[in-house]
Number of protein chains: 2
Amino acid sequence: MQKLDESLLTGLPPFSRLDRGQIREILDKSTSRRYEEGAEIFHEGHDAERFFLLLDGYLRVIRSTPGGDQVIVLHISPGQLFGIAPALQRTTYPATAVAAAESIALSWPVHLWQPFVTAYDGFATEGYKTLGQRLGEIQTTLTEMATQAVEQRVAAVLLRMVNQSGQKTEDGIAIGFPVTRNNISEMTGTTLHTVSRLLSAWEKDGIVRSTRKRIVVTDAHRLVLISEPRG
Amino acid sequence: MQKLDESLLTGLPPFSRLDRGQIREILDKSTSRRYEEGAEIFHEGHDAERFFLLLDGYLRVIRSTPGGDQVIVLHISPGQLFGIAPALQRTTYPATAVAAAESIALSWPVHLWQPFVTAYDGFATEGYKTLGQRLGEIQTTLTEMATQAVEQRVAAVLLRMVNQSGQKTEDGIAIGFPVTRNNISEMTGTTLHTVSRLLSAWEKDGIVRSTRKRIVVTDAHRLVLISEPRG
DNA sequence: CGCGAACGTTGCTCTTACTCAAACTTGCGG
DNA sequence: CCGCAAGTTTGAGTAAGAGCAACGTTCGCG
């Protein structure tokens with residue numbers, strides 16, 4: 001366990017109401033770990049032994065089908081709690097978490113969840129707020145999936161990633177972590193072929209620019225138009 | 001507000017750890033209401049002023065798209081808490097709840113959520129358990145939507161409704177509330193035409209039997225086979 | 001620096017299921 | 001009991017996108 005600075009947590013919602021001493025306590029009970037791109041943080045169906053906070057990097061949360069297909073359910077950004085199965089009285093993780101880029105996460109054993117909730121004001125509140133947002137997001141994704149054409153879904157997903165992790169560059173906004181065509185197909189319920197064709201077409205139109213695993217949105221406004229229903 | 005019997009709540013998970021006195025307190029603060037089939041309990045985007053418990057009937061939880069399409073996100077069965085936006089620090093309802101059959105629900109003003117959580121042991125626990133299950137269900141639906149063909153999705157949805165509300169009849173298991181072809185299409189992201197064709201074909205094969213708004217599954221086993229990927 | 005794996009592109013074919021259209025059935029309210 | 005509305009069925013044409021196949025490109029590693 002490496003040496004950690006209180007300032008890491010000070011600004012984050014789950015801890016914003018706490019003083020330095022309390023944050024020190026929380027940190028002292030935590031384990032910090034670094035994950036390579038592609039590394040698994042936890043696996044669907046395994047016993048939920050710890051809950052996590054992402055300090056740096058990005059994660060994909062994945063569900064697998066019996067048929068071997070994978071679906072990316074959501075992404076986790078820095079500052080978010082995740083793997084909080086204990087908060088929902090679950091004993092196993094309902095999905096798998098994989099590092100989309102090199103990432104750093106803190107974690108605590110599940111038996112500390114309840115003590116944290118009672119000891120630290122606002123901790124539970126913020127945890128459940130995250131959960132509420134997540135539920136809303138997934139419902140939105142589901143709704144898109146049910147009503148929109150593939151092209152609109154792919155556009156929407158690009159915009160969502162840009163909003164969550166976008167970094168300004170000279171010629172547009174870059175998605176802040178590596179994404180393959182296949183990843184996008186797993187977010188939108190299509191094939192990597194169709195995604196590739198769409199990106200090629202958009203690149204020709206000057207809407208995006210991409211290299212292997214990296215995508216820059218150069219004309220977000222037009223992408224919004226594409227993502228809208230009956231546009 | 002009509003007269004209510006404590007026995008209504010005694011068996012339900014959110015209240016199972018409470019004594020008669022506590023249940024009386026909770027009931028006294030509640031409002032009971034009856035909803036006709038098709039009636040709205042609350043509407044997407046409106047201020048979340050109350051939280052609910054379904055006593056009898058079935059509800060559909062719906063999201064609408066800007067394009068006017070509707071998607072049925074999940075169903076609520078008797079005994080479940082719903083509209084618990086306050087638990088997730090939300091100030092508006094993220095979806096619309098509609099009675100799928102004639103239903104009865106209790107409700108309380110949101111400002112009672114926090115007091116209930118602190119005063120009644122196990123109340124929060126059970127509420128969040130419900131939420132965790134719901135999150136898992138929606139993820140499953142999303143995964144199906146992304147990876148399965150229409151026929152498999154429709155079969156899966158029928159089985160889910162049967163599991164949730166099935167009633168034994170002479171020749172099979174009936175779904176316990178009215179369902180139209182259009183309803184099923186809104187659960188599976190297809191059209192009522194396709195659903196109608198599938199049901200007709202299955203009826204010919206002796207897998208289901210249906211009349212207007214009523215569906216009986218006569219051969220659940222074969223429906224399971226259909227619902228399985230790469231079957 | 002060269003090989004191999006992972007990632008990406010593109011063309012073609014073929015099927016699924018959406019769209020449009022029309023008619024039929026059931027049940028309710030006047 | 002009639003008429004209308006809501007729900008259902010069926011047919012025919014079409015297009016979106018999946019599946020298959022082959023090839024091109026990039027990058028990391030020995």
Side-chain angles (χ1 to χ4, degrees), chain A residues 36-38 65 67-71 98 100-102 144-155 157-158 175 177-205 208-216 226 229-231, chain B residues 36-38 65 67-71 98 100-102 144-155 157-158 175 177-205 208-216 226 229-231:
Chain A
E36 302 285 344
E37 182 183 332
T65 67
D69 294 309
Q70 299 203 322
V71 177
V98 172
E102 183 167 335
E144 278 173 13
M145 208 76 145
T147 62
Q148 320 264 74
V150 169
E151 184 177 26
Q152 299 165 344
R153 302 205 300 266
V154 173
V157 152
L158 284 185
I175 292 171
F177 50 88
V179 202
T180 66
R181 311 292 184 262
N182 196 35
N183 288 331
I184 296 177
S185 77
E186 289 170 354
M187 288 176 236
T188 51
T190 180
T191 62
L192 73 165
H193 307 278
T194 300
V195 173
S196 178
R197 281 181 239 272
L198 285 171
L199 287 181
S200 296
W202 290 340
E203 184 138 14
K204 208 167 293 168
D205 291 353
V208 302
R209 210 172 43 71
S210 72
T211 61
R212 168 178 267 234
K213 284 196 177 198
R214 292 283 166 186
I215 300 177
V216 180
I226 292 172
R230 20 201 120 265
Chain B
E36 301 287 344
E37 181 183 332
T65 67
D69 294 308
Q70 299 203 322
V71 177
V98 173
E102 182 167 333
E144 278 173 15
M145 208 77 146
T147 63
Q148 320 264 73
V150 169
E151 185 178 25
Q152 299 166 342
R153 302 206 299 266
V154 173
V157 151
L158 284 186
I175 292 171
F177 49 88
V179 202
T180 66
R181 310 292 184 261
N182 196 35
N183 289 149
I184 296 178
S185 77
E186 290 169 354
M187 288 177 235
T188 50
T190 181
T191 63
L192 74 164
H193 308 277
T194 299
V195 173
S196 177
R197 281 182 238 270
L198 284 172
L199 288 181
S200 296
W202 290 341
E203 186 138 13
K204 209 166 294 167
D205 292 352
V208 303
R209 212 173 41 72
S210 72
T211 61
R212 168 178 270 230
K213 283 197 178 196
R214 291 284 167 185
I215 300 177
V216 180
I226 293 172
R230 19 201 121 266

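The chains referred to below are lettered A, B, ... by the order of the sequence lines, with proteins before strands, and numbering in each begins at 1.
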List the atom of [X], the atom of [Y], and the distance in Å for their closest heavy-atom pair.
X: B:S210; Y: B:R181; result: OG-NH2, 3.0 Å
X: A:A100; Y: A:P178; result: O-CD, 3.3 Å
X: B:Q148; Y: B:R153; result: O-NH1, 2.9 Å

Tell me the interatomic distance from A:E151, atom CD, to D:dA15, atom P, rounded to whole angstroms. 16 Å
Output the rounded distance in Å from CD (A:Q148) to P (C:dA17). 19 Å
Results of side chain to side chain contact (heavy atoms under 4.5 Å, CB included) for B:N182 - residues two or more places apart only: B:T180, B:S185, B:E186, B:L192
Scoring nucleotides 6-13 of chain C by protein non-hydrogen atoms under 4.0 Å (B base, S sugar-phosphate only, - none) yields BBSBBBB-
So do B:I184 and B:L158 actually touch side chain to side chain, heavy atoms under 4.5 Å? yes
Under 4.0 Å: is that the gap between some side-chain N or O of A:T190 and OP1 or OP2 of D:dA18? yes
